[in-house]
Amino acid sequence: MIAAPDRTPLPREFFDRPVLEVAPDLLGRTLVRSTPEGPIHLRLTEVEAYDGMKDPGSHAYRGRTRRNAVMFGPPGYAYVYFTYGMWHCMNLVCGPDGIASAVLLRAGEITEGAELTRSRRRSARNDKELAKGPARLATALDIDRALDGTDVCAGLPSPLSILTGVPISDEQVRNGPRTGVSGEGGVHPWRFWIANDPTVSPYRAHKPRRRST
DNA sequence: GGGAGGATTTGCT
DNA sequence: GCAAATCCTCCCG
């Protein structure tokens, strides 16, 4: 018999572990974004781990700044940053207070409230593309820096929380190099996704940008 | 489906 | 100044 999904939010202890344990364990869980129009549910299908100050791919590599301060705090909080002049990306802070590790939420499947996301994702040609990529995910769920530092373990109602759900089996987890990470930080196979899931974003190696003419 | 080029602004060196 | 944990449109095949 199949157990019903557990709708309690993941407790803080879930995030208070090494980030390389937490990242694959997040796959298949449901991120709940509560909005005035109603809840949006996102089943996580792809994530990336950023492992502390030693990780050259991490925003924490060059130390604490105002931008990345949440990464250095306690686990179970959202770190939301702005990049490329246009986009937001969301992470979940892991490990104990003082260790700047986090998991980037890269893609997922909208399982409830898709109609609330389509007006923000006009370029999506089908529902699989609504949250296929970290900035698309944040756009679909109306996530911006106002949510930086949000406690995702506070319990409902909260702007953001993660339902315990039903974890997926290890056999369904794949891993490989991180996407779009420059330099030596890109070599770590710390991107995790669900095998054969159509909402996983395509792999793209980092490409330095040329100056405009 | 994949590559090139542009968009657009913040944060840090 | 310039790079940035990206995405979109256009074009090609």
Side-chain angles (χ1 to χ4, degrees), chain A residues 15 19-20 22-24 26-27 31 42 44-72 77-95 99-108 110 117-149 174-193 196-213:
Chain A
F15 300 99
V19 67
L20 293 177
V22 177
L26 279 167
L27 295 174
L31 170 66
L42 179 93
L44 295 171
T45 60
E46 181 189 357
V47 299
E48 271 176 7
Y50 289 83
D51 189 13
M53 294 184 67
K54 318 174 303 297
D55 179 358
S58 172
H59 286 174
Y61 184 58
R62 284 170 175 72
R64 180 176 180 145
T65 65
R66 192 166 62 196
R67 179 206 207 191
N68 65 23
V70 173
M71 283 185 83
F72 287 78
Y77 289 78
Y79 165 49
V80 180
Y81 66 88
F82 181 74
T83 193
Y84 287 101
M86 277 174 274
W87 309 112
H88 296 276
C89 296
M90 175 178 163
N91 300 252
L92 293 167
V93 177
C94 296
I99 300 297
S101 297
V103 176
L104 172 69
L105 307 185
R106 284 200 57 88
I110 308 274
T117 74
R118 294 194 188 104
S119 60
R120 286 186 292 268
R121 292 280 305 118
R122 302 294 293 276
S123 65
R125 289 172 299 187
N126 58 64
D127 282 3
K128 307 293 187 209
E129 294 184 351
L130 287 171
K132 190 178 198 158
R136 291 168 168 180
L137 184 158
T139 300
L141 273 59
D142 199 20
I143 291 167
D144 62 20
R145 278 176 299 177
L147 294 174
D148 187 33
R174 299 292 181 274
N175 70 295
R178 293 183 293 189
T179 299
V181 174
S182 62
E184 300 183 3
V187 303
H188 298 296
W190 292 346
R191 172 179 177 242
F192 300 90
W193 66 93
N196 302 316
D197 190 286
T199 65
V200 172
S201 68
Y203 173 75
R204 293 190 189 95
H206 174 77
K207 278 269 198 300
R209 297 168 41 177
R210 287 181 14 214
R211 281 185 310 169
S212 59
T213 53

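Side chains included, hydrogens not; waters and symmetry mates left out as well; all remaining heavy atoms used. Lettering follows sequence order; numbering is per chain, from 1. This one's a predicted model, so the numbers in the text were calculated from it and none came from an experiment.
In this structure, Asp144(A) places its CG atom 13 Å from P of dT10(B), rounding to the nearest Å. Asn68(A) places its CG atom 16 Å from the C1' atom of dA3(C), with the value rounded to the nearest Å. Computed from coordinates, the Arg64(A) CZ to dC12(B) P distance equals 12 Å when rounded to whole Å. To the nearest angstrom, C1' of dA4(C) lies 15 Å from CZ of Arg178(A).
For an aromatic pair to be called close, the ring centres must be under 6.0 Å apart, and Tyr81(A) with His88(A) fails this.
No cation-pi contact links Arg106(A) to Phe192(A), judged by a cut-off of 6.0 Å to the six-membered ring centre and 45° from its axis.
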Could you list the protein-to-nucleotides 11-13 of chain C atom pairs, N/O on both sides, closer than 3.5 Å?
none

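Across all strands, Arg125(A) comes closer than 4.0 Å to no nucleic acid atom at all (heavy-atom distances).
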Scan nucleotides 5-10 of chain C nucleotide by nucleotide, 5' to 3', and note B when protein non-hydrogen atoms come under 4.0 Å of the base, S if they reach only the sugar-phosphate, - if neither. BBSS--

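Shown here, dA4(C) forms a base pair with dT9(B); the pair counts as Watson-Crick or G-U wobble because both key distances fall under 3.5 Å.
OP1 or OP2 of dG11(B) sits under 4.0 Å from a side-chain N or O of Arg145(A).
Residues Glu48(A) and Thr179(A) share a closest heavy-atom pair of OE2-N, 2.6 Å.
Under the 3.5 Å distance criterion, the side-chain polar atoms of Arg121(A) are left unmatched by any main-chain donor or acceptor of Thr117(A).
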